[in-house]
Amino acid sequence: MEDSKPKSLNFLEEIIQQNLASGQYSQGIFTRFPPEPNGYLHIGHAKSICLNFGLALKFGGKTNLRFDDTNPITEETEYVEAIKKDVSWLGFTWENELYASNYFEQLYQFAVDLIKKSLAYVDDSTAEQIAAQKGTPTSVGTESPYRNRTVDENLTLFKEMRDGIHADGAKVLRAKIDMAHANMHMRDPLMYRIRHVAHHRTGNNWCIYPMYDFAHGQSDSIEGITHSICTLEFDVHRPLYDWFIDKLSIFPTHQYEFARLNLSHTVMSKRKLLQLVNEKIVNGWDDPRMPTISGLRRRGYTAASIRNFCERIGVAKRDNLIDLSLLEFCIREDLNKSADRVMAVLDPVKLVITNYPEDQVEELAIENNPEDPESGSRSVPFSKDLYIERDDFMLDPPKKFFRLGPDLMVRLKGAYIIKCESFDLNEDGSVQTIYATHFPNSKSGSDTSEIHVKGTIHWVSIPHAVEAEIRSFDRLLIVEDASELGDDFMKFINPESIQIIEKAFVERSLRSATVNKAVQFIRKGYYCLDPDASPEKLVFNRTVTLKDTWAKEQNK
RNA sequence: UGACCUAUGGUGUAAAGGUAACACACCAGUUUUUGGUUCUGGUUUUCUAGGUUCGAAUCCUAGUAGGUCAACCA
């Protein structure tokens, strides 16, 4: 297994390898994925999930799923369930399902411990006063008038806070550190606030709730997390993270930061995604245009493709903007190997094979997937009246147009070579019907015609065609880098991010399409059945188009 | 006007003081009963200035640029 050339490691893998090499963590490493249950997971979370679980898998460790549920105002059980589903779907198994709220009593005791060490105090200042006391990044803060209360007084007041004696906002518990510290987070940060609000798990047991900074590190420590991995913006929290661990003398877990994922043409913050949902720009968190895990799943992305994407983008500490084309590459790569090919005509025009017997139907065996010899073939009905794609016919085709036009020849996929003889036009000049003759000896598999054509086009037999709605999606944002937009991003929504074709025609075999089985519409793209579909009405989502060098050529 | 983080092709990520490489994207050709796929080749890179060194993407100093931090959010 060990090659002479070791695969290069990212900076976290290097740290872990060094830890292990020096004999640390002989019990194995422990990581955790710690979402707040206040929204749905997105592709950025997928990066974190793949990182945390992947590191543990790679180095023989374990990973907890821990819900960071310290703010009852924004958190709901609905989100907990959705998050669990998404992590599982991505293919990971957590060691323990845990909640920061499991530790509320323990955290309370930690706070009491710090009060007893004169390292925490109850402050009656208002939010505004506390903000003013903090100073600014370039000027030092000032100490609160309540900073020097006695230990006994603090103990009593903190107990009163817990007991519900005080109103929301009347008092907070603060760590006593240094109001002149260069790091704003060290200027007597809040540890607890009063919130007379029911919590989705602890109900009304508590009316004081720990802040992130007083909950996260201690939760990591309680769980014995060896590598607490988070995104870069928490870098400035690390001194405080370490301070609490140190003053409490508890298991010394360590925090490491990596750069979050940014995707081109995509907004990623939960707040903005929520806004898209609330303002009905999209149809819910699982809209196929959303960068959420549930949206990508509904769009037809496979878990394997997302994992592969996360592997390819790498992990580092500098800001990045990943091009959507890499995500698209990953899903094409996966589906090319696994998706059965079928025929669907999205923008139909009628084609009549004039020399084909009126009522004849041939059942043609067409291979399911040229990339997969095991996939076999299916039977596709062929008849005199067909639909083909409107843009596969041109009245006045350019030189390298390998499709149909007056007097041109083309192969119908899996069937015959045909030659266009004539056509009818509608009043508006558009093509109404195309008439062609077929060469009976050119049948696929037994072609003795010796005719060679450059192009092969897809088709469906009109009498056998099945109607379907097709939903095509495009990027949600018309600008590449959403970080430059701020709250203005709504002005840059792509008005054509969804296109619905109410009445396309797909081949008969698609009657048995299922939600989880991707198909390739030959020459068009990869598609999957939408959960909205019913036996009476098929609905397909376009996951991604095929690469189209012809279109690219046209645009030059 | 502070502290901290970061800087390698168009986009990402490697190279642990010793030939700057891999993937995506792009371009050209090959293959192909999908203008898909495959395969081959190509274009394009170390922020700047000093310093250390036989040798610097890597170490040091200064600068520049970008990011983060002043929620009773996480």
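Not measured: the values here are computed from a predicted model.
One can place CD1 of A:Ile130 at 11 Å from P of B:C73, the figure rounded to the nearest angstrom. One interatomic measurement links the two molecules: CZ of A:Arg523 to P of B:U37, which rounds to 14 Å at whole-angstrom precision. We find that NE2 of A:His265 is positioned 13 Å from C1' of B:G10, with the value rounded to whole Å. One interatomic measurement links the two molecules: CG of A:Asp392 to P of B:U34, which rounds to 13 Å at whole-angstrom precision.
For A:His185 and B:A3, a side-chain-to-base donor-acceptor distance below 3.5 Å is absent, hydrogens and geometry of angles not being considered. The base of B:U33 sits with one of its N or O atoms less than 3.5 Å from a complementary donor or acceptor on the side chain of A:Arg411. Residue side chain A:Glu371 does not reach the base of B:U38 through any donor-acceptor N/O pair under 3.5 Å, judged by distance alone.
Considering A:Asp188, A:Asp124, A:Asp123, A:Asp178 in turn, A:Asp188 is the only one that fulfils the salt bridge (charged side-chain N to carboxylate O under 4.0 Å, His left out) rule with A:Arg147. Exactly one residue among A:Tyr209, A:Tyr212, A:Trp206, A:Phe158 makes a ring pair (Phe, Tyr, Trp, His ring centres under 6.0 Å) with A:Tyr192. That residue is A:Phe158.
Using atom C1' as the reference point in both B:C60 and B:U53, the two lie 12 Å apart (nearest Å). Atom name C1', nucleotides B:U68 and B:U30: the rounded distance is 50 Å, in whole Å. If you take atom C1' in B:G35 and the same atom in B:A74, they sit 49 Å apart, rounded to whole Å. The separation of B:A16 from B:U58, taken at their C1' atoms, amounts to 8 Å, rounded to a whole angstrom. For the P atoms, the distance from B:A49 to B:U38 is 42 Å, rounded to whole Å. Nucleotides B:A56 and B:U46 have their P atoms positioned 15 Å apart, rounded to a whole Å. Separating the P atom of B:C4 from that of B:A62 is a span of 12 Å, rounded to the nearest Å. Straight-line distance between the C1' atoms of B:C26 and B:U45: roughly 15 Å, to the nearest whole Å.
If you check every strand for non-hydrogen atoms under 4.0 Å, A:Leu546 touches a base. Counting any heavy atom pair closer than 4.0 Å across all strands shown, A:Leu190 reaches a base atom. Note on A:Gly414: a base of the nucleic acid sits closer than 4.0 angstrom, heavy atoms only. A:Ser125 comes within 4.0 angstrom of a base, heavy atoms only. Heavy atoms of A:Asn183 sit nowhere under 4.0 angstrom from any nucleic acid atom. Nucleic acid contact class of A:Thr74 (heavy atoms, under 4.0 Å, all strands): none. Contact annotation for A:Gly141: no contact, since no heavy-atom pair falls under 4.0 Å across all strands. No engagement by A:Arg238 is indicated, since no non-hydrogen atom pair under 4.0 Å with the nucleic acid exists. A:Phe401 comes within contact range of at least one nucleobase, with a heavy-atom separation under 4.0 Å.
For B:G36, the OP1/OP2 oxygens have a side-chain nitrogen or oxygen of A:Thr549 closer than 4.0 Å.
Side-chain contact between A:His227 and A:Ile16 is present, with at least one heavy-atom pair separated by less than 4.5 Å. Contact check for A:Arg195 versus A:Ile208: no side-chain heavy atoms found under the 4.5 Å cut-off. Counting only heavy atoms from C-beta outward, the side chains of A:Cys420 and A:Leu408 never approach each other to under 4.5 Å. Using a 4.5 Å heavy-atom threshold, the side chains of A:Ser219 and A:Arg66 count as touching.
Between A:Glu36 and A:Lys270 there is no salt bridge, since no side-chain N of the basic residue sits under 4.0 Å from a carboxylate O of the acidic one. Ion pairing of A:Lys400 with A:Glu553 is absent here, as no side-chain N (NZ or NE/NH1/NH2) approaches a carboxylate O to less than 4.0 Å. A salt bridge links A:Arg312 with A:Glu333: at least one charged nitrogen is closer than 4.0 Å to a carboxylate oxygen. Under 4.0 Å is where a charged nitrogen must lie from a carboxylate oxygen, and between A:Arg238 and A:Asp235 at least one such pair does. A salt bridge does not link A:Lys547 with A:Glu328: every distance from a Lys NZ or Arg NE/NH1/NH2 to an Asp or Glu carboxylate oxygen is 4.0 Å or more. Using a cutoff of 4.0 Å between basic side-chain nitrogens and carboxylate oxygens, A:Asp68 and A:Arg32 are not scored as salt-bridged.
Shown here are the side-chain contact (heavy atoms from CB on, under 4.5 Å) partners of A:Glu367, two or more places apart in sequence or in another chain: A:Pro370, A:Lys413.
Closest approach to the A:Pro370 side chain among B:G12, B:U34, B:C72 is made by B:U34 (side chain taken as heavy atoms from C-beta onward). With distances taken from any side-chain atom of A:Asn336 to the nucleotides B:A74, B:A3, B:G36, the minimum falls on B:G36. With B:C72, B:U33, B:U34 as the choices, the nucleotide that has an atom nearest any side-chain atom of A:Gln520 turns out to be B:U34. The side chain of A:Arg193 has B:C73 as its nearest neighbour among B:C73, B:U34, B:G35. Closest approach to the A:Arg341 side chain among B:G36, B:A70, B:G35 is made by B:G36 (side chain taken as heavy atoms from C-beta onward). Nearest to the side chain of A:Asn320, among B:G12, B:C69, B:A74, sits B:G12.
Of the two residues near RNA chain B, A:Thr138 and A:Asp123, the one whose nearest nucleotide lies more 5' is A:Thr138. Where A:Leu412 and A:Ile194 meet RNA chain B, the nucleotide closest to each residue was compared, and A:Leu412 sits on the side nearer the 5' end.
Aromatic pair A:His254/A:Tyr241: centroids not less than 6.0 angstrom apart.
The heavy-atom pair separating A:Trp243 from A:Lys176 by the smallest distance is CZ2-O, 3.8 Å.
Helical stems of RNA chain B (runs of at least 3 Watson-Crick or G-U pairs, donor-acceptor distances under 3.5 Å) are listed by first residue: B:2-7 with B:64-69, B:10-13 with B:21-24, B:26-29 with B:39-42, B:47-51 with B:59-63.
Using a 3.5 Å distance cut-off with no hydrogens or angles, the side chains of A:Asp69 and A:Ser101 do pair a donor with an acceptor. Donor-acceptor pairing under 3.5 Å is recorded for the side chains of A:Thr302 and A:Asp334.
Within residues 211-219 of chain A, the residues having any heavy atom under 4.0 Å from RNA chain B are, by residue number, A:Met211, A:Tyr212.
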Please produce a list of atom pairs where a protein N or O lies less than 3.5 Å from an N or O of nucleotides 64-68 of chain B.
{"unit_1": "B:G67", "atom_1": "O4'", "unit_2": "A:Asp319", "atom_2": "OD2", "d": "3.3"}

Please tabulate the protein-to-nucleotide N/O contacts below 3.5 Å involving nucleotides 40-42 of chain B, giving atom names and distances.
none

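A cation-pi contact, defined as under 6.0 Å to the ring centre and within 45° of the axis, links A:Arg201 to A:Tyr99. A:Tyr526 does not carry A:Arg332 over the face of its six-membered ring by the limits of under 6.0 Å from the centre and within 45° of the normal.
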* Asked: Going 5' to 3' along nucleotides 14-25 of chain B, which nucleotides have protein heavy atoms under 4.0 Å from the base (write B), which only from the sugar-phosphate (write S), and which from neither (write -)?
  -> SS-------SSS
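Around the CD atom of A:Glu450, the shell of radius 6.0 Å holds no more than 12 heavy atoms that belong to other residues, nucleotides or ligands.
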